[in-house]
Protein chains: 2
Amino acid sequence: MKTSQKFFDHFIRLYRPFEGRLNVLLSEHGLYRAQWTVLYYIRNYGSATLVELAAYQGVEKPTMSRTIHRLVELGYLETTPTQDRREKKMQLTALGKEQYEKVRVALDAFEESILEGVSEEELEEAIQMMIDIRNRITEK
Amino acid sequence: MKTSQKFFDHFIRLYRPFEGRLNVLLSEHGLYRAQWTVLYYIRNYGSATLVELAAYQGVEKPTMSRTIHRLVELGYLETTPTQDRREKKMQLTALGKEQYEKVRVALDAFEESILEGVSEEELEEAIQMMIDIRNRITEK
DNA sequence: TGATAATAGTTAGCTTGAGTAACTTTATTA
DNA sequence: TAATAAAGTTACTCAAGCTAACTATTATCA
């Protein structure tokens with residue numbers, strides 16, 4: 001069997017249980033994965049528009065629109081207008097930052113526990129590989 | 001930022017576009033990912049019960065039950081009874097095998113194209129890493 | 001051996017989170 | 001300035017996961 005087949009088979013089979021456990025962890029804090037990834041992005045990039053978030057996550061605008069609305073309702077996100085009046089820049093509220101840090105602690109513990117034994121170097125190599133593969137997917 | 005955070009961020013961000021492209025490719029053959037992974041398993045392991053398939057893919061029995069029923073309706077799967085009359089062993093029909101090979105060709109081309117430049121050795125290392133991580137997730 | 005527990009699979013109903021199509025409002029460009 | 005593009009929304013559909021509760025069969029053990 002081709003190694004490429006095995007690679008993507010294992011890739012899918014790792015994703016599903018990971019997402020399952022991630023959702024359990026997040027649900028203890030009243031969040032879902034799609035919401036969390038928005039908080040993650042904004043926390044690390046400062047602020048973002050809907051289009052920027054959708055592009056980053058590889059989803060369509062309506063999908064992101066709903067996720068953002070939920071986060072605003074939850075009080076974790078707020079918008080500020082820009083010169084371009086079509087746009088809304090999103091930032092974390094104080095509550096949003098607080099919530100992010102709370103979840104971050106739990107998530108770090110989980111992620112580090114399942115990466116036990118994997119060296120920093122291996123992780124960095126895997127990250128670079130994932131970036132390269134994603135680029136080849138999106139550029140086609 | 002912790003490397004573990006980056007790792008899983010990139011992991012999720014690779015999965016989504018990959019699954020999107022996979023579904024486009026499969027839809028050209030009238031299949032979905034969940035169905036394809038069943039054909040894949042049975043093609044490589046000969047036959048399987050529902051419980052075996054569900055465990056392999058990390059989904060619940062009702063989820064797998066529906067996927068299997070669709071594949072039977074499509075004429076790709078058939079069941080044979082075993083001594084244990086609770087069980088149903090699933091095999092590919094002739095049509096199922098034909099369909100598998102057809103899709104396999106297209107999927108190999110796609111998968112190999114996006115893995116261009118990644119060495120066999122790197123792939124094997126990544127596969128082993130994914131196996132280790134999945135084991136740590138499921139054993140907890 | 002006979003009652004109880006476990007296992008294989010199904011049915012019904014819910015949910016997340018993705019998609020497309022079509023739209024409004026504002027900005028850009030030809 | 002008229003046409004086009006871009007940001008975001010609304011309405012609707014769909015795949016694919018979940019739990020709860022069920023039937024039928026097999027295994028266990030008191």
Side-chain angles (χ1 to χ4, degrees), chain A residues 12-39 47-74 77-90, chain B residues 12-39 47-74 77-90:
Chain A
I12 291 172
R13 289 181 57 219
L14 175 56
Y15 183 80
R16 290 223 29 74
F18 172 74
E19 189 186 36
R21 291 289 302 271
L22 178 63
N23 269 329
V24 167
L25 192 152
L26 292 176
S27 74
E28 288 163 12
H29 298 86
L31 287 172
Y32 294 102
R33 178 189 53 76
Q35 298 168 350
W36 170 253
T37 53
V38 169
L39 299 185
S47 69
T49 65
L50 185 150
V51 165
E52 188 181 342
L53 285 164
Y56 183 81
Q57 308 214 0
V59 299
E60 297 299 320
K61 292 188 297 176
T63 302
M64 188 51 71
S65 185
R66 187 180 42 187
T67 303
I68 286 173
H69 278 297
R70 283 179 185 163
L71 287 168
V72 171
E73 279 167 30
L74 289 167
L77 278 191
E78 63 189 357
T79 61
T80 45
T82 64
Q83 284 107 331
D84 187 335
R85 289 193 307 182
R86 292 172 302 180
E87 286 191 336
K88 298 175 181 174
K89 279 262 183 197
M90 318 292 310
Chain B
I12 291 172
R13 289 180 58 218
L14 175 55
Y15 182 81
R16 291 222 28 73
F18 173 73
E19 189 185 37
R21 291 290 302 270
L22 178 62
N23 270 328
V24 167
L25 192 152
L26 292 176
S27 74
E28 287 162 12
H29 298 86
L31 286 173
Y32 294 102
R33 176 190 54 76
Q35 298 168 352
W36 169 253
T37 53
V38 170
L39 299 185
S47 69
T49 64
L50 185 150
V51 164
E52 188 181 342
L53 285 163
Y56 182 81
Q57 308 214 3
V59 300
E60 296 300 320
K61 292 188 296 177
T63 303
M64 187 52 71
S65 184
R66 187 178 41 190
T67 302
I68 287 173
H69 279 295
R70 283 180 186 164
L71 288 168
V72 172
E73 278 168 31
L74 288 167
L77 278 191
E78 62 189 358
T79 61
T80 44
T82 64
Q83 283 107 329
D84 186 335
R85 291 191 307 181
R86 291 171 302 181
E87 282 191 341
K88 298 175 181 172
K89 278 260 185 200
M90 318 293 310

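To find a chain, count down the sequence lines: A is the first, B the second, and so on, and within it residues start at 1.
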_Determine whether a donor-acceptor pair (one donor, one acceptor, N or O, separation below 3.5 Å) exists between the side chain of B/Lys88 and the base of C/dG9._
no
Worksheet item: Counting any heavy atom closer than 4.0 Å, what does A/Arg66 reach on the DNA or RNA strands: base, sugar-phosphate only, or nothing?
Response: base
From CZ of A/Arg85 across to P of C/dA27 the rounded distance in Å is 5 Å
Separation of C/dG19 atom P from B/Asn23 atom CG, nearest Å, is 10 Å
Between OH of B/Tyr15 and C1' of C/dA18 the distance, given in whole Å, is 12 Å
Sorted by number, residues from residues 26-38 of chain A placing a heavy atom under 4.0 Å from DNA chain D are none
Between its two end axes (five pairs each) the helix from C/dT1-D/dA30 to C/dA30-D/dT1 turns, nearest 10 degrees, through 30°
Rounded to whole Å, CZ of A/Arg86 lies from P of C/dT24 at a distance of 16 Å
note: B/Glu60, atom CD; C/dT7, atom P; distance rounded to Å ~ 14 Å
When rounded to whole Å, the NE2 to P distance for the pair B/His69 and C/dA12 reads 11 Å
Looking at every strand, decide which applies to A/Thr67 at a 4.0 Å heavy-atom threshold: base, sugar-phosphate, or nothing.
nothing
Whole-Å distance, A/Gln83 CD to C/dT28 P, equals 10 Å
Atom CZ of B/Arg21 and atom C1' of C/dG19 are separated, to the nearest Å, by 16 Å
Does C/dT10 have OP1 or OP2 under 4.0 Å away from a side-chain N or O of B/Ser65?
yes
At a 4.0 Å cut-off to heavy atoms of chain A, the contacted part of DNA chain D spans D/dA5 to D/dG17
When rounded to the nearest 0.5 Å, the distance separating CG of A/Leu22 from CD1 of B/Ile12 is 5.5 Å
